[in-house]
Amino acid sequence: MSVLGERFLCRLVDVPPGEGRTFEMDGQRIAVFHTRTGSVFATAAECPHKGGPLADGMLGGTTVTCPLHERVYDLANGRELTGDCDLMTYPVRRTADGVVLLLPAASDAMIS
Amino acid sequence: MAKQRLVVIGNGMAGARAVEEVLARGGSEMFDITMFGDEPYGNYNRILLSNILSGIQDASEIFLNPLDWYAENGITLHAGSPVTEIDRFAKVVQSASGVRAHYDKLLIATGSRAFIPPIPGIFTEPGKLKSGVFGFRTIDDCSGIAAAAGSGGKAAVIGGGLLGLEAARGLLHHGCEVHVVHLAGHLMEQQLDAPGGAILKKTMESMGVTVHVGKSTSQVLGEDRVTGLAFKDGTSLECGLVVVAAGIKPNAEIGVRAGLTVERAIVVDNHMLAVDDMSVYVVGECAQHRSRVYGLVAPLWDQAKVFADHVTGANRNAAYHGSKLATKLKVMGVELASMGITEPSEERDETIQFSEPQRGTYKKLIVRDGRLIGGILMGDISKAAYLMQAFDRDSPLPEERLSLLFDLGAPPQKVTLDEMPAEAQVCNCNGVTKAAIGNCVAGGNRSLPGVMNATRAGKGCGSCKGLVSDLVAWFAGGDVEEDPSVHWYVPNIPLKKSELVEAIRARTLKSVSAVFRELAGGVEDAGAKPALASLLSVVWKGEYVAEPDARFINERIHANIQKDGTFSVVPPMPGGATTPAELRRIAEVAEKYHVSLVKVTGGQRIDLLGVRKEDLPAVWAELGTVSGHAYGKTYRTCKACVGTDFCRFGLGDSMALAKKIEDRFKGIDSPHKMKLATAGCPRNCSEALIKDVGLVAVGDDRWEIYVAGAGGSHVRKGDLLCTVSSHEEAILISGRFMQYYREEAKYKERTYNWIERVGIERVRAVVVEDSDGIAARLDAAMQESVDAYVDPWGALIEGQETTRFASLIPAGE
């Protein structure tokens, strides 16, 4: 992926390890997850099933389970593991104390 | 390869079903099929003939396969053309109308006809019944009877078996005065014993049928036309119409003429082959297998399958081993189920009986070595599906015999899996049908967790999980794969609960992340987290190291998540008792924080719904109470009736007891939620009989403790654990029961599932009789958990976490 730029999303301390939080950027609601192994992921905030708040879900490895109806998604690629309704993901990178959103080049955005 | 020729003699239910089974196995590619039938129709469902006679159904409605079906399947049908000869050496059959057909394989399915006893005067010439006398076996018989009955008159039915009573019902519909004349001492002696027959007789008579039992007909009176019947006891009965329903006679003459071995019917081996000829099969009522001739439809279906498997080569080892006779019938509107023998035949046989003649209800079971070998159910056949399955499979019966006859507050007996239609919804939460589970198993998923994950069946409220498990086993045949993980406490650590507790203690693992690190190779499993958190809290009590991410959101922020992502808040209200001041405070908080719905819960509390996540700490602080724990897998609440303070029936102080219970057990973690209630008298206004623990006052400060009741997706009356003599004892024993459950039950296993797994006897032995000598330890463990209680609302209000309650955080610095 060619990256156009980066934008600071949040401080790492705002997302305790093993949990998620919902952030708002330019009117977009983004769920950020911080695993106990130190990885960070970002996805659409709402579960594509019935809009459940995914940041309130249960993290396990790189999966999140929606708190409303237990749909499970792989955070790395957005695949639904309990069905075939995938979740939108955002490319992010962890910095020393924060999470930044990677802004893909327009051509990549079209493909994804 | 040229097709073989399959000739079928008989176009009734047996012949047609056998051909259907052959077609289902690709038989149309293998055989040119020719069928011969006596009657000039396609085949019809003979069982429904009585409906034709009663006028409930029209003849056209009972056809199983209309004439088109034969053409569509390339079958040559010679209807109204009975086969008269079989030349087994030339392999040719010939019909009365002169049709000859060669065969490679021959199926005889000629069935049976009405047996006409040789009563003087019944025939006018050999083979010709006297005018006004009819058999009851064919569509033509029905039309004849209907025409003769006209609009009434006196009619007699000879034979008080199933068919005779059906004929009687038909005649009643035609306005006849009906008499049933039966040779045996009671009605339906094949299916009923004497008391059952007597009750049925009474029921029949209340419908207007006159029943004569133990009566032998000596003559059919009348010259050209029947005018009455004379009996051996010297009496007589005037009547213008006689229906003979004295049993059936196999149409085996064709077999005799063809030189096959015929006893009562044509003798066959386990492949349904005639014992004398490897090219000739026989199925249905004209076949005699292991000395038995079956007159019911279920054995016929089994025989047709074996025949089709064998003749098509689909399974050359297919074998018929006889059928156990169990039937469900409706006789003149009386529902009846009958299976096996009607009277005990050995000394060790145990008889269980219930009789209520006034309502026409009769139930009798005969049990040998814990297995059902005979049964009669009349009037109320709600248990028939279960019992017939137990009879058919020879499965062991529960010790509690009473529950065999009645549903004692248990959920209604499920229909058997065979009876359940494919489109029946099994999992209502996720809309999964029986067929979807079947497809999943057929697709290669042969374990319960595999099917549950693939279909989502059983993953909603979970109440259908047992049924899903049964269906997986049923669809997989004997082929179900047991997932070893079902015995593990969590699926990613191969240890049973007791082994896991041992490992946790041995390695002093006090947090969920430590357990993953030490016992699961560092691999997290989201589903296992709350299960482990609950267990660690039970094991370590105050020393448990809580990690919010291991808890479901409800237990992370101590409120109940709603479909829109807001939360509900339930302040505690022990025993459902409140005060004007408390109500005022709740009202103020509700208004201030724009609570969208205020609702009284099933647990006698007040639910504030629609609270925003960020408002939770302020709402709690302003309510000024501890947590009501209405969200976790913990002790939830204790309902109470008014008890002795105001109620004129009160025998015990249920409100004070509920308050003590709630003070003591609030927030205690457990495998699943625990809902309690106290009732001041056995009227049970607080529904204590369907609670995980229910305490019912019976007077003199004595309390009955009921456990493992359910009033949710399952309904189950609690089991009486014991009776105690004070509030203190009630709390001690209830606590000991809860502690034993906390230690023993699987995660998400409610008390009522757990008790059915381990048995109330075992639980009573441990908890009440201290059979294992652990009562003191259980009491001490519960006390430690009680002492370790910290109000989570208070702790969170005090807490320093900055984003815990933020539902939306602005991005950027």
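Order of the sequence lines fixes the chain letters, A, B, ..., with proteins taken first and strands second; residue numbering starts at 1 for each chain.
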Engineer: Rounded to the nearest 0.5 Å, what separation is found between the NZ atom of K50(A) and the CG atom of D564(B)?
Structural biologist: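 It comes to 13.5 Å.
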Engineer: What is the distance from atom OG of S807(B) to atom CZ of R29(A), rounded to the nearest 0.5 Å?
Structural biologist: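 Reported to 0.5 Å precision, the distance equals 7.0 Å.
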Engineer: Taking the side chain as C-beta and beyond, is there a heavy-atom pair between F23(A) and T803(B) under 4.5 Å?
Structural biologist: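 Side chain of F23(A) against side chain of T803(B), heavy atoms only: no contact under 4.5 Å found.
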Engineer: Side chain, backbone, both or neither: which part of L808(B) has an atom under 4.5 Å from a heavy atom of chain A?
Structural biologist: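 Backbone plus side chain of L808(B), per the 4.5 Å heavy-atom cut-off to chain A.
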Engineer: Can you find a heavy atom in the side chain of E19(A) that is under 4.5 Å from one in the side chain of E547(B)?
Structural biologist: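 They are not in contact (no side-chain heavy atoms under 4.5 Å apart), so the answer is no.
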Engineer: Would you indicate whether the side-chain heavy atoms of I809(B) and E24(A) approach each other to under 4.5 Å?
Structural biologist: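 A side-chain contact under 4.5 Å is absent here.
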Engineer: Side chain, backbone, both or neither: which part of A55(A) has a non-hydrogen atom closer than 4.5 Å to chain B?
Structural biologist: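 For A55(A), the backbone is the part near chain B, not the side chain.
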Engineer: Heavy atoms only: give me the nearest G565(B)-P53(A) pair and the separation to one decimal.
Structural biologist: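 Residues G565(B) and P53(A), closest heavy atoms: CA-CG, 4.1 Å.
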Engineer: May I ask you to check whether over 12 heavy atoms, not counting those of K510(B), lie within 6.0 Å of atom NZ?
Structural biologist: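 Counting neighbours around NZ of K510(B), more than 12 heavy atoms of other residues, nucleotides or ligands fall under 6.0 Å, so yes.
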Engineer: Does anything in residues 526-533 of chain B reach chain A? List residues with heavy atoms under 4.5 Å apart, or say none.
Structural biologist: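 Hits under 4.5 Å: A526(B), K529(B), P530(B).
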Engineer: R556(B) versus chain A, heavy atoms under 4.5 Å apart: side chain, backbone, both or neither?
Structural biologist: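 Contact with chain A: side chain only.
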Engineer: So what's closer than 4.5 Å to chain A heavy atoms on S513(B): side chain, backbone, both or neither?
Structural biologist: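 Answer is side chain: those atoms of S513(B) sit under 4.5 Å from chain A.
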Engineer: Taking non-hydrogen atoms and a cut-off under 4.5 angstrom, which of residues 65-79 of chain A neighbour chain B?
Structural biologist: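 Hits under 4.5 Å: T65(A), P67(A), L68(A), H69(A), E70(A), R71(A).
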Engineer: So do I561(B) and D56(A) actually touch side chain to side chain, heavy atoms under 4.5 Å?
Structural biologist: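 Yes, close enough: below the 4.5 Å cut-off.
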Engineer: Using side chain to side chain contact (heavy atoms under 4.5 Å, CB included), reason through R36(A) and E524(B) one step at a time and then give a plain yes or no.
Structural biologist: CA-CA 9 Å; R36(A) 278 193 169 267; E524(B) 279 187 349; 3.4 Å; yes
Engineer: Enter the distance from D525(B):CG to T63(A):OG1 here, rounded to the nearest 0.5 Å.
Structural biologist: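 Rounded to the nearest 0.5 Å, the CG-OG1 separation comes to 7.5 Å.
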